[in-house]
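Step one of this worksheet: look at the structure below.
Order of listing sets the numbers, starting from 1, for every ligand and every atom in it. The basis for the numbers below is simple: all heavy atoms, side chains too, and nothing from hydrogens, waters or symmetry mates. Because the structure is a prediction, the values reported are computed rather than measured.
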Amino acid sequence: MAKAAACHASFTSFSSSFHKFLTPRKPIVAVGFLLSFSPRVHTLSSTFPSLSIKPKRPNNSFQVRSVAAPAEDVAGFEDMVSGTQRKYYMLGGKGGVGKTSCAASLAVKFANNGHHTLVVSTDPAHSLSDSFAQDLTGGTLVPVEGPDFPLFALEINPEKAREEFRDASKNNGGTGVKDFMDGMGLGILAEQLGELKLGELLDTPPPGLDEAIAISKVMQFLESPQYSMFTRIVFDTAPTGHTLRLLSLPDFLDASIGKILKLRQKIASATSAIKSVFGQEETRQNSADKLERLRERMVKVRDLFRDSDSTEFVIVTIPTVMAVNESSRLRASLEKENVPVRRLIVNQILPPSASDCKFCAVKRKDQMHALDMILNDPELSSLKLIQAPLVDMEIRGVPALKFMGDIVWK
Ligand SMILES: Nc1ncnc2c1ncn2[C@@H]1O[C@H](COP(=O)(O)OP(=O)(O)OP(=O)(O)O)[C@@H](O)[C@H]1O
């Protein structure tokens, strides 16, 4: 009791001392934004009591009344679900904002609406298994139990992807070849290798490569007739920084692989005699082909990201100044790269409440400021805003994801 009082006292002094700096000077437009929500109450724990590990509390005080979107078509889900041609949805944003929960709930909703759906994690720190509360690890397509229609999940192993690039590159002019050339006393060519700094480049693969390879692997899967039934593919991507690097990656790889292959040709002609002794020609040819295939796949990934008929990047954010600023930068970069973006999910919005909880009031005001920023942000204000409430417990398992999907994807 004493502890609680102390906590309250310190919170009060924090909020009163600092809130004047945090409160926006101009009127908060976002009030209207919040009030436009339906007053309907959504409580995950009361919908699925079996999921709940609720502490015993009087008067249901633990429950958060969510601010669910109105019944009308807010996210434009009708548009997302219609048609049987294959569509890709990539969900991305700042770390921890709820990308996985939103991606998994969208995948469940697609599957429950009759689409054969695949949800893929390209985030090196996978959390699909945690989100679905099922073991989906292993780098292969794993069926998800629960939805009405087939839903498969795939978590790509980033380490393997990195190895693939390193092996292919090394055999084509990276440090392995340099050592070999040095050993053979072919100083001039070895020097050229040094100037190009290829060894350095190839031993530390460029950031974003894991994700690019992960996406290209999915595309490989999907090219085979065996997987032609998938009509919706949802990607849970890595946090913003990775996504941005991924977008510039194909050009970077195009240039560096081009250099490697050129150099390989030079080395091949200079060392043909040695090669015939050591019998390395076949290995080199194989890895050159492998590298060339990798380059082609990266170009396909680049094209997929920019194909507005089949692909959409959905930005997920939360109503905080930092997350909104990062989302704005992400949207600007995506726009620059011609990646289609139409929707912005603002996740974890606190519901209005009749109680006089001071913490909630301050927090809500803070969120309104962030929502106001979105409405006035030149990059974000034109997007379709999807509001996702903060629900009263962690979203885990298909029933909880269905619950979230029914609120968010309308
Ligand atoms: N609307 C919500 N209400 C309540 N909890 C939520 C909500 N959205 C997400 N969460 C919870 O927040 C945590 C982080 O969510 P999630 O894993 O989806 O985020 P993420 O952006 O994918 O994270 P990372 O960047 O680490 O991959 C999880 O415990 C999830 O259950």
Could you give the N/O to N/O pairs under 3.5 Å linking ligand 1 and the protein, each with its distance?
unit_1   : atom_1 : unit_2 : atom_2 : d
ligand 1 : 1 (N)  : N347   : OD1    : 2.8
ligand 1 : 1 (N)  : P389   : O      : 2.8
ligand 1 : 3 (N)  : V391   : N      : 3.0
ligand 1 : 8 (N)  : N347   : ND2    : 2.9
ligand 1 : 18 (O) : T100   : N      : 3.4
ligand 1 : 18 (O) : S101   : N      : 2.8
ligand 1 : 18 (O) : S101   : OG     : 2.7
ligand 1 : 19 (O) : G98    : N      : 3.1
ligand 1 : 21 (O) : G96    : N      : 3.3
ligand 1 : 21 (O) : V97    : N      : 3.1
ligand 1 : 21 (O) : G98    : N      : 2.9
ligand 1 : 21 (O) : K99    : N      : 2.9
ligand 1 : 21 (O) : K99    : NZ     : 2.9
ligand 1 : 22 (O) : K99    : N      : 3.4
ligand 1 : 22 (O) : T100   : N      : 2.8
ligand 1 : 22 (O) : T100   : OG1    : 2.7
ligand 1 : 23 (O) : G96    : N      : 3.3
ligand 1 : 25 (O) : G96    : N      : 2.8
ligand 1 : 25 (O) : K99    : NZ     : 2.7
ligand 1 : 27 (O) : D123   : OD2    : 3.2
ligand 1 : 29 (O) : E394   : OE2    : 2.6
ligand 1 : 31 (O) : I395   : N      : 3.3

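Aromatic rings of F149 and H115 (six-membered ring for Trp) have centroids beyond the 6.0 Å cut-off, not under it. Within the 6.0 Å centre-distance limit, the rings of F110 and F77 are counted as a close aromatic pair.
The nearest pair of heavy atoms linking L136 to A153 is CD1-CB, 3.6 Å.
Between K87 and D307 there is no salt bridge, since no side-chain nitrogen of the basic residue lies less than 4.0 Å from a carboxylate oxygen of the acidic one. Between E326 and R331 there is no salt bridge, since none of the side-chain N atoms of the basic residue sits less than 4.0 Å from a carboxylate O of the acidic one.
The side chain to side chain donor-acceptor pair (under 3.5 Å) test applied to D309 returns no partner, not counting sequence neighbours.
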